[in-house]
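The first residue in the sequence is number 1, and the count goes up from there.
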Amino acid sequence: TAATGLGSLSASSGSSLIGFIASGAGAVATTLQTRGRKTILASDYGATGDGATTDTTTLQAALTAAAGYTLVIPAGTYLTGALTVPANTRVVGEGYNKTILKAVSATGSLNLLTLANSNCSIEDLTVNLNNTAVTIAAGYVASRNGIYVYGLVGAYITNIYLKVQVKNCGEAGIKCQYVDRLTIDRADIDRCGQYGIYCLSVSNVWIESPDIYDIFPGNSGTAPYLNAYGITFTYSGTDPKPIDCTVSNGMVDYVTGWE
């Protein structure tokens, strides 16, 4: 009956009963459900972004479901702990200071967003580590990074794109290790305890139009944590040296103890 048919369409599986085909020659027929699941909203998994609810579990569920596709995080302030981005995944917000991922705790070690897989991008959102201790008097907090991108020696991850704002981090705004083909585009990084952008044993890195300011370690650490760096490329021991790295059209300002 018509009522039964409408009931089927209104069920959670109803979109699987509705066809979809793009316009133009060569388009392939699919269902509305299959088409819709290629872009996922964080709110579909219960993320509130209300600035009061802890959204760690719901955001991670959305990220996991979005593996291989695109996750859209609507405007709002999302209180969260550590999150991991799956391989082949694009994460998109609604703009700097509009979509805000804010650390639920203001103290302790934390990599708020970790990318340990290839072919990922983070775009148009703010990461705020909520570390109010980042001041000239006491800046450095070990292993408290906004975005942590890492592979392994001999097993670099590749094809990473970041267009983000990062602030109030105890160590680095963006920390990258063993990465090939990394683009950091128009990053805005403010108030970090040692590094704006830290790159160890990387290759084919392009940092375009960064705006980095207020990086200061203060007196809370001991050497080598008494210096601060807007952008650094380095290596350790016998690890590969950074190669084919470019920084262009950027500004680094108010970095205390520049070396």
Side-chain angles (χ1 to χ4, degrees), residues 34-35 37-42 59-73 80 82-96 99 101 110-127 143 145-166 169 171-189 192 195-212 230-236 239-250:
T34 299
R35 181 67 175 81
R37 286 180 175 177
K38 291 184 178 181
T39 299
I40 291 172
L41 287 175
L59 284 173
Q60 189 59 63
L63 283 163
T64 301
Y69 299 109
T70 297
L71 172 65
V72 176
I73 305 179
T80 183
L83 300 169
T84 300
V85 179
N88 309 307
T89 302
R90 182 180 180 222
V91 180
V92 183
E94 292 190 13
Y96 294 176
T99 297
L101 304 183
L110 173 67
N111 298 311
L112 197 139
L113 276 175
T114 295
L115 288 74
N117 300 284
S118 297
N119 306 313
C120 294
S121 69
I122 310 291
E123 304 169 40
D124 298 320
L125 55 78
T126 295
V127 174
S143 301
N145 304 297
I147 298 177
Y148 182 36
V149 185
Y150 76 96
L152 301 171
V153 176
Y156 281 28
I157 64 170
T158 65
N159 296 323
I160 303 296
Y161 178 83
L162 303 174
K163 180 174 175 282
V164 292
Q165 180 184 61
V166 189
C169 300
E171 185 176 352
I174 299 173
K175 185 172 185 177
C176 306
Q177 302 179 180
Y178 313 117
V179 184
D180 178 52
R181 284 176 284 171
L182 164 69
T183 299
I184 300 175
D185 184 15
R186 289 166 284 171
D188 185 336
I189 300 174
C192 296
Y195 308 101
I197 300 173
Y198 172 92
C199 297
L200 181 143
S201 294
V202 295
S203 58
N204 298 299
V205 173
W206 179 51
I207 301 175
E208 169 66 22
S209 302
D211 191 357
I212 300 171
I231 301 171
T232 186
F233 294 92
T234 187
Y235 69 101
S236 176
D239 287 354
K241 295 180 180 180
I243 58 171
D244 297 327
C245 301
T246 301
V247 180
S248 60
N249 302 318

Straight-line distance of E208 CD to K163 NZ, nearest 0.5 Å: 12.5 Å
CA sep, side-chain torsions, deciding dist, call: V247, I197, side chain to side chain contact (heavy atoms under 4.5 Å, CB included): CA-CA 11 Å; V247 180; I197 300 173; over 6 Å; no
Flag side-chain contact, heavy atom, 4.5 Å: I157 against Y150: no
Over 12 non-hydrogen atoms of neighbours within 6.0 angstrom of OH in Y96: yes
V149 and L162: CA distance, side-chain angles, deciding distance, side chain to side chain contact (heavy atoms under 4.5 Å, CB included) verdict: CA-CA 10 Å; V149 185; L162 303 174; 4.2 Å; yes
Any donor-acceptor N/O pair, E171 side chain to S143 backbone, under 3.5 Å: yes
Side-chain donor or acceptor of Q60 paired with backbone N/O of T84 under 3.5 Å: yes
Side chain to side chain contact (heavy atoms under 4.5 Å, CB included) evaluation trace for V202 with Y156: CA-CA 8 Å; V202 295; Y156 281 28; 5.8 Å; no
T89 side-chain N/O to G68 backbone N/O, donor-acceptor pair under 3.5 Å: yes
Donor + acceptor pair across side chains of N145, Y195 (<3.5 Å): no
Qualifying residue, where the test is side-chain hydrogen bond (donor to acceptor under 3.5 Å, both in side chains) with D180 and the options are S118, S201, S203: S203
OG1-CG distance between T246 and N204, expressed to the nearest 0.5 angstrom: 9.0 Å
Within 6.0 angstrom of Y161 OH, more than 12 heavy atoms from elsewhere: yes
cation_pi(K241, F233) dist<6.0 Å, angle<=45: no
Stepwise side chain to side chain contact (heavy atoms under 4.5 Å, CB included) test for N88 and N117: CA-CA 8 Å; N88 309 307; N117 300 284; over 6 Å; no
